[in-house]
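The structure appears below as structure tokens.
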Amino acid sequence: MSVTVDLEKRLGKEKVIRDPDILRIYARDPTLLEYQLPLAVVYAESVNDVVEVVKFAIENKLYITPVFHSTSLSGNAATTAQKTIVLSSEKMNRILEVSEVDWLATVEPGIRIDEFNLELMRYGLQWPVDPASSKTASVGGTIINGGGGMRGAKYGPASHWVLGLEAVIGTGEIIRVGCRTVKCREGYDILHLFVGSEGTLGIITKAMLRLAPLPESFVGVVAQFEDVVSLAKAVVESRRRRLWLLVAEFMDDDSSEFVGLERKYTLWLGIDATKGSEDVMLTRLREVIDKVGGKISAEARDWGTFFKLLGPRRLLYPASVKKAIEQYGGDALVLIGDVAVPFSKLPEALQEMKQTAKDYGIPTIFGGHVGDGNIHPILWFNKSDEIQKKKVAELYERFDEIALRHEGTISAEHGIGLHKKEFLKKTYEAKNSAAVLRIFREIKRIFDPYGIFNPGKIFD
Ligand SMILES: Cc1cc2nc3c(=O)[nH]c(=O)nc-3n(C[C@H](O)[C@H](O)[C@H](O)COP(=O)(O)OP(=O)(O)OC[C@H]3O[C@@H](n4cnc5c(N)ncnc54)[C@H](O)[C@@H]3O)c2cc1C
């Protein structure tokens, strides 16, 4: 009898999908790459379901690739091995608790970020991790990828906003780590080992999250620049003036045009305010833009208005996928870089990346979260064109090299997945710390002694 029939018997038919059309959907990701077809997709509804799937995988020598909503951009949730079960936690999406005083919430990790934040608005609270994909992406996926987002300038990435986790590790045991308090020193920090673990250490089934109050008031501007250096200088200048921006996002001239904006370098700057201080704060933003030679095209005196103005920025990646398909049809592939550099290096690094892309002649657009130094170069190409493919791989490496040379990182928020494994090695070699990769392997073995979770990722 086939192993998937056994799986159906163990979990119930309704939780196990074997339809090849549906399996094919799970073998693709937003970069348009196609991966190994899984044996089955299991929709877990509880921690007990997860324990059963893990035990089943151990008994039957199968792999598990966990997935939430499949929006990862580095191949983090890709099925790479034969004999893989895709374990989906998308149905584990309930809010279990919100505490107005402790500013925390406990959720099942499959809940989508926007849905969660909509509910939190009733309490005047927010989970301030806001990836451009927040409409689709889950809280759990953002924690597990160590993601960040469009409020990162002030609030930083997901690692700052998780207090506790429940997870099933590769022995089938359930562990709970973290505290209800922000201060928590209970031995090794296993909680933060899970942040950025990309499904390689265990399956999370619950998350306790730190929340922030929604700002009393908010102001923002959208400004256009003639060149990328002046735009980056606006961020540097804000920091010199000790303005703790809440939002600082950008798109280059090409990508601005793709999403229907003026063909200029576009910058969104936003900052929280108190009631009555809006004029003062707006003046401060205007002064920054003026100083570096930008032109303000729109202003907002509340978050709702600014949120709408930010809409085109969320289209950065979808717009490049659309362009890629228009240009290369079914042969299109999209590759997104995820580098970050210290703020003081932003003008120089951005300029160098833009020039390098031009020199290679590969269609590349730039955008990202300049408020935390995070730049996304996005390239698209024809996967059947071997010469172009080679050039793209080289250019992608050049971006990573530029980031490292400017004391930055090759992996800010999307994770290592499949695409950045080689560069991870180079990163630790450059730090003269090759032992770190051995430590990674040993950590993996402790959590996942049978090697079942998400094979082929990060360093594997
Ligand atoms: C248009 C677009 C814009 C984006 N913008 C941003 C951005 O601004 N910032 C940013 O950080 N990212 C961004 N991303 C990337 C992506 O949205 C994030 O990484 C997102 O947080 C992933 O969430 P998900 O629910 O799709 O998770 P998935 O992609 O399904 O999974 C994420 C990881 O978690 C693992 N996993 C799945 N379920 C479990 C589980 N139960 N336990 C343990 N591991 C599990 C997976 O194997 C994978 O490694 C963007 C993506 C797109 C398509």
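Below, each value reflects all heavy atoms present in this structure, side chains not excepted, and no hydrogens, waters or symmetry copies.
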Validation row, ring centre Y450 to ring centre Y63 under 6.0 Å: no

CD-CG distance between Q388 and N382, expressed to the nearest 0.5 angstrom: 6.0 Å

is_close_aromatic(Y328, F381), centroid dist under 6.0 Å: no

Heavy-atom donor-acceptor pair, K421 side chain to G456 backbone, under 3.5 Å: yes

Side chain N76, main chain S72, donor-acceptor under 3.5 Å: no

Validation row, ring centre F399 to ring centre Y360 under 6.0 Å: no

Centroid-centroid distance, H414 to H376, less than 6.0 Å: yes

K420 NZ/CZ over F423 ring centroid, <6.0 Å and within 45° of normal: no

Main-chain N/O of D49 paired with S46 side-chain donor or acceptor, under 3.5 Å: yes

E34: which of R28, R24, K383 passes salt bridge (Lys or Arg N to Asp or Glu O under 4.0 Å): R28

Nearest-0.5 Å distance that lies between atom CZ in R263 and atom CG in D253: 4.5 Å

Donor + acceptor pair across side chains of H369, D372 (<3.5 Å): no

Charged tip of K15 within 45° of Y43 ring normal and under 6.0 Å: no

